Amino acid sequence: MDIEPVAWDHPDAVMLRARQRAEMAERYGTPDSESGSAPSASDIAVFVVARAADGTAVGCGGLRALDARSGEVKRMFVVPDRRGTGVAPAVLAALEQWAQARGWTRLRLETGPAQPDAVRFYTRSGYRRIPNFGAYAQVPDSLCFERLLPPASVPAS
C-alpha cells in the first residue's frame with residue numbers, strides 16, 4: 001500500500017470524500033451531519049490518499065490545523081471492502097507522522113454515535129475521549145477524542 005499527500009481537489013480525494021459523506025448521510029439519516037465547519041482546501045494542512053498495489057484509491061484522511069501545535073483529523077475513510085486490512089491504521093500513522101514532523105503535539109477529532117466502529121478504531125489507536133471542543137462544544141451527539149503525540153524522532157548523525 002502506498003500513501004501519498006494529494007491536493008484537496010485531486011479526483012481520488014474528491015471521490016473518497018464523496019463516498020464518506022454518502023456513508024455518513026446513510027448512517028445519520030440526513031445529507032448534512034456535519035457538526036462543525038466542513039473542511040476545505042483553504043483549511044486542510046494535508047490530505048492523504050492510500051492506494052492499493054494496483055493504484056486504486058482505497059482510503060483517505062486529512063488534518064486541519066487548530067493552532068500552532070495541534071490539529072484535527074478530518075475525513076478519515078476507507079472503502080468498505082478494504083476495511084480490516086490495515087488501511088485505516090496506515091492512513092492515521094501517516095497523518096500522525098506528518099503532524100509530528102511539523103512539531104504538532106496533539107491531534108483531536110470528532111465522530112458520532114452512529115460510528116461505533118470509528119470509536120473502537122480511535123480508542124485502539126491511542127485516542128482518549130475528551131470534552132467536546134471548538135465547534136463541537138455545544139453538540140450533544142458529538143464524541144471528541146485526542147491523542148498526545150510523542151516528539152518526532154530525530155535520526156542519529
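Being a predicted model, the structure only gives us computed values, none of them experimental.
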Quick one: do [X] and [Y] end up in the same hydrophobic cluster if we chain Ile, Leu, Val, Met, Phe, Trp and Tyr together by side-chain heavy atoms under 4.5 Å apart?
X: Phe133; Y: Leu95; value: no
X: Met1; Y: Leu92; value: yes
X: Met24; Y: Val78; value: no
X: Val119; Y: Tyr28; value: no
X: Tyr122; Y: Tyr136; value: no

Taking only Lys NZ, Arg NE, NH1 and NH2, and the carboxylate oxygens of Asp or Glu, determine whether [X] and [Y] approach each other closer than 4.0 Å.
X: Glu72; Y: Arg108; value: no
X: Arg51; Y: Asp2; value: no
X: Glu23; Y: Arg17; value: no
X: Glu96; Y: Arg147; value: yes

Drop me the distance from [X]'s [atom1] to [Y]'s [atom2], to the nearest 0.5 angstrom.
X: Gln97; Y: Leu149; atom1: CD; atom2: CG; result: 10.5 Å
X: Cys60; Y: Ile3; atom1: SG; atom2: CD1; result: 11.0 Å
X: Arg128; Y: Thr123; atom1: CZ; atom2: OG1; result: 11.5 Å
X: Met76; Y: Thr111; atom1: CE; atom2: OG1; result: 10.5 Å

For the pair Leu148 and Thr105, evaluate side-chain contact (heavy atoms from CB on, under 4.5 Å) and give the outcome as yes or no after the intermediate values.
CA-CA 6 Å; Leu148 300 180; Thr105 58; 5.9 Å; no
Contact summary for [X] and [Y], nearest pair of heavy atoms:
X: Gly59; Y: Leu16; value: O-CD1, 3.3 Å
X: Ala50; Y: Val87; value: CB-CG1, 3.9 Å
X: Ala7; Y: Ala13; value: O-CB, 3.9 Å
X: Arg129; Y: Ser142; value: NH2-O, 3.8 Å

Quick one: does [X]'s side chain get under 4.5 Å of [Y]'s, heavy atoms only?
X: Leu107; Y: Leu63; answer: yes
X: Pro89; Y: Phe121; answer: yes
X: Pro150; Y: Gln100; answer: yes
X: Ser42; Y: Trp8; answer: no
X: Val48; Y: Val91; answer: yes

Backbone of [Y] reached by a side-chain donor or acceptor of [X] within 3.5 Å:
X: Thr85; Y: Arg82; value: yes
X: Arg19; Y: Met15; value: no
X: Asn132; Y: Val139; value: yes
X: Ser70; Y: Leu66; value: no
X: Arg64; Y: Asp43; value: no
X: Thr56; Y: Ala52; value: no

Run the ring-centre check on Phe145 versus Tyr127 and record whether the distance is less than 6.0 Å.
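No, the ring centres sit 6.0 Å or more apart.
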Please check if the number of heavy atoms outside Glu4 that lie under 6.0 Å from its CD is greater than 12.
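Yes, the 6.0 Å shell around CD holds more than 12 heavy atoms from other groups.
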Cation-pi geometry met for Arg106 and Trp104 (6.0 Å, 45°)
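Relative to the ring axis of Trp104, which defines the angle, Arg106 lies outside at least one limit.
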